[in-house]
Protein chains: 2
Amino acid sequence: MSLSHAILGLLTVMPMTGYELKTQAFDTTVAHFWQADQSQIYRTLSKMEEDGLVTYELEVQADRPNRKVYRLTAAGWAELERWLRTEQPLPTNREPFLVQLFFGWRLTNETLLELVAGQRAAHAERLATYERIPMPPLGDPSLDRMRTLWRLTLELGIAIERTYLDWLDRCAAVIADLPEADNEQDPQL
Amino acid sequence: MSLSHAILGLLTVMPMTGYELKTQAFDTTVAHFWQADQSQIYRTLSKMEEDGLVTYELEVQADRPNRKVYRLTAAGWAELERWLRTEQPLPTNREPFLVQLFFGWRLTNETLLELVAGQRAAHAERLATYERIPMPPLGDPSLDRMRTLWRLTLELGIAIERTYLDWLDRCAAVIADLPEADNEQDPQL
DNA sequence: GGATAATATAGGACTATACATATATTATAT
DNA sequence: ATATAATATATGTATAGTCCTATATTATCC
């Protein structure tokens, strides 16, 4: 489970509550490389606390629900340092849209183009989200390691989304020129 | 669960056993967009059979374990056709290496460069695997819809891997020029 | 006035995935 | 002689992730 490692990393930047992890990190800053469900964040925090990786301070609030502000323990720091040096496997590919495209030859060009357009819109939106994140310029000598590395991760997110958009445009062009399917004999049961 | 839909798609090409699905499809032809565990394939086939989406013929073999050759039922065809028209969500991003890079500013440049090199090797291998798959040329009028669409999915796989490689090279260059970390005050417990 | 959003945590139920092992036979490699 | 790989299916167990709902208060929107 490297959700716990992402959480450890985030809590080194600043002690936070589960709510802040969700809204100010997983939904925004790190969304391009790790997405997490609210309920899973809370459950993982509980487990990490049990395991002694984090502790929390309860901030009692009058007009709002109480906050549990989590931070790393010594064991949490040690585990993060260890994990950061461990070679990580590539993420496994699982893309429903490519399954559709691969097996979609019986669909009409029109239907295929609609699917392509849908994906294009979704990727364009994702790209726009990433591009709205202000990126620290490179070449600035005052730019610290942290922000340089952070910038690099964002650059990948943007590059991948651009790759998708280029490819989807190419798909649309190729499909538009494709002779329609001959579905006479299908399905052949 | 769209593993079942990937299986439905694959079985339209040719009736197959679970073993063949694993070795001749998920580990090879469709590996760039869907990877599946052997045990999950068998369990999913069982469930799909229960649900009436597929049936199998038992091929009794003398010198080898018997084979269950699966093919679609009418309900399986209907479900595939329905699913193929349904808009699919973008895959969620979860990339352990980017978590490392993002939170790795306390590591030395050397350690970071080792991690980058490890990822580079893994992506280069993946790209080589994709490039070994013979890709039908475009512009061939005899090229059917199926192979054109299949080619497009492979092109994306290759484009994404090239994006990773370019980006990893850029990472290496940027990290090599980075002043080393000043870890005096860390970890700040 | 009623619905929704924001702040905050949590649990139930399910689905999906991963990793290891069992079983059985034959062929090949060391 | 022993081990491993290939063919073939299957189960046990654990981990990871999703979706929905509950709880409680305040603020805002229509």
Side-chain angles (χ1 to χ4, degrees), chain A residues 1-7 15-28 30-31 33-51 53-70 83 88-96 99, chain B residues 1-7 15-28 31 33-51 54-70 83 88-96 99:
Chain A
M1 180 177 29
S2 57
L3 171 58
S4 57
H5 296 106
I7 291 177
M16 272 186 280
T17 67
Y19 187 80
E20 287 167 330
L21 281 169
K22 174 63 174 164
T23 56
Q24 274 142 65
F26 289 108
D27 282 354
T28 51
V30 304
F33 61 81
W34 206 277
Q35 292 165 254
D37 185 82
Q38 174 264 125
S39 66
Q40 206 197 344
I41 292 169
Y42 282 106
R43 268 191 268 249
T44 302
L45 281 170
S46 292
K47 192 164 181 308
M48 290 167 76
E49 204 252 317
E50 263 181 56
D51 296 346
L53 299 173
V54 295
T55 43
Y56 65 86
E57 249 172 291
L58 192 70
E59 275 185 20
V60 180
Q61 301 195 119
D63 53 342
R64 293 271 165 224
N66 296 337
R67 292 151 47 89
K68 290 184 177 178
V69 184
Y70 287 89
W83 182 83
Q88 297 303 312
L90 300 194
T92 56
N93 303 322
R94 262 184 214 108
E95 237 206 82
V99 179
Chain B
M1 182 177 28
S2 57
L3 171 58
S4 58
H5 296 106
I7 290 177
M16 272 186 280
T17 67
Y19 187 79
E20 288 168 329
L21 281 169
K22 175 62 175 165
T23 57
Q24 274 142 65
F26 290 108
D27 281 355
T28 51
F33 60 82
W34 205 276
Q35 291 163 257
D37 185 81
Q38 174 264 126
S39 67
Q40 207 196 341
I41 292 170
Y42 281 106
R43 266 192 266 249
T44 303
L45 280 170
S46 292
K47 192 167 183 304
M48 289 167 75
E49 204 253 315
E50 264 181 55
D51 296 345
V54 295
T55 43
Y56 66 85
E57 249 171 291
L58 192 71
E59 275 185 20
V60 180
Q61 300 194 118
D63 54 343
R64 294 269 165 226
N66 296 337
R67 292 151 48 88
K68 289 184 177 178
V69 184
Y70 286 89
W83 181 82
Q88 297 303 313
L90 300 195
T92 56
N93 302 321
R94 262 184 215 110
E95 224 175 294
V99 179

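Here the structure is a predicted model, which is why all the values come from computation and not from measurement.
- No side-chain heavy atom of A:Tyr70 sits under 4.5 Å from any side-chain heavy atom of A:Leu53.
- When rounded to the nearest whole Å, the span between CG of A:Asn66 and P of D:dT25 equals 12 Å.
- Remark: B:Gln61 is not in phosphate contact with D:dT7, judged by side-chain N or O atoms under 4.0 Å from OP1 or OP2.
- Among C:dT17, C:dA8, D:dG17, the nucleotide with an atom closest to any side-chain atom of A:Pro65 is C:dA8.
- Comparing A:Val69 and B:Ala36 against DNA chain C, the residue whose closest nucleotide sits nearer the 5' end is A:Val69.
- Taking only side-chain nitrogens and oxygens, A:Lys47 never comes nearer than 4.0 Å to OP1 or OP2 of D:dT15.
- In this model, the phosphate group of D:dT11 is not approached by any side-chain N or O of B:Ser39 to a distance below 4.0 Å at OP1 or OP2.
- As a whole-Å value, the separation of A:Arg64 CZ from D:dA27 P is 7 Å.
- Rounded to whole Å, the distance from CE on A:Met16 to P on C:dT7 is 15 Å.
- Within the 4.0 Å cut-off from OP1 or OP2 of C:dA10, at least one side-chain nitrogen or oxygen of A:Lys68 is found.
- In this structure, A:Lys68 and A:Thr17 have side chains that are not in contact, with every pair of non-hydrogen atoms separated by 4.5 Å or more.
- Atom NZ in A:Lys22 sits about 11 Å away from atom P in D:dC19, given to the nearest Å.
- Of the two residues contacting DNA chain D, namely B:Tyr70 and B:Thr92, the nearest-nucleotide position lying further toward the 5' end is that of B:Tyr70.
- The side chain of B:Tyr19 places no N or O atom within less than 4.0 Å of a non-bridging phosphate oxygen (OP1 or OP2) of D:dT9.
- Contact between A:Glu49 and A:Thr55 at its shortest, heavy atoms only, is CG-CA, 4.5 Å.
- Across the protein-nucleic acid pair, A:Leu21 atom CG and C:dA10 atom C1' stand 15 Å apart, rounded to whole Å.
- Residue contacts for A:Gln38: at a heavy-atom cut-off of 4.0 Å it reaches a base atom on one of the strands shown.
- Rounded to whole Å, the distance from CD1 on B:Ile41 to P on D:dT9 is 11 Å.
- Proximity of A:Arg94 to the phosphate of C:dA18: a side-chain N or O atom is located under 4.0 Å from OP1 or OP2.
- Contact check for A:Leu21 versus A:Tyr42: no side-chain heavy atoms found under the 4.5 Å cut-off.
- The phosphate of D:dA8 has OP1 or OP2 within less than 4.0 Å of a side-chain N or O from B:Arg67.
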Take A:Ile7 and A:Phe26 through the test side-chain contact (heavy atoms from CB on, under 4.5 Å) and record every step on the way to the result. CA-CA 9 Å; A:Ile7 291 177; A:Phe26 289 108; 3.9 Å; yes
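- B:Tyr42 has no side-chain polar atom (N or O) that falls below the 4.0 Å cut-off from OP1 or OP2 of D:dA10.
- For the pair B:Val99/A:Trp83, a side-chain contact is recorded, criterion being any heavy-atom separation below 4.5 Å from C-beta on.
- Put simply, CD on A:Gln40 is 14 Å from P on C:dT17, counting in whole angstrom units.
- One interatomic measurement links the two molecules: CG of A:Asp37 to C1' of C:dG12, which rounds to 13 Å at whole-angstrom precision.
- Put simply, the side chain of A:Arg43 and the base of D:dG17 share no donor and acceptor less than 3.5 Å apart.
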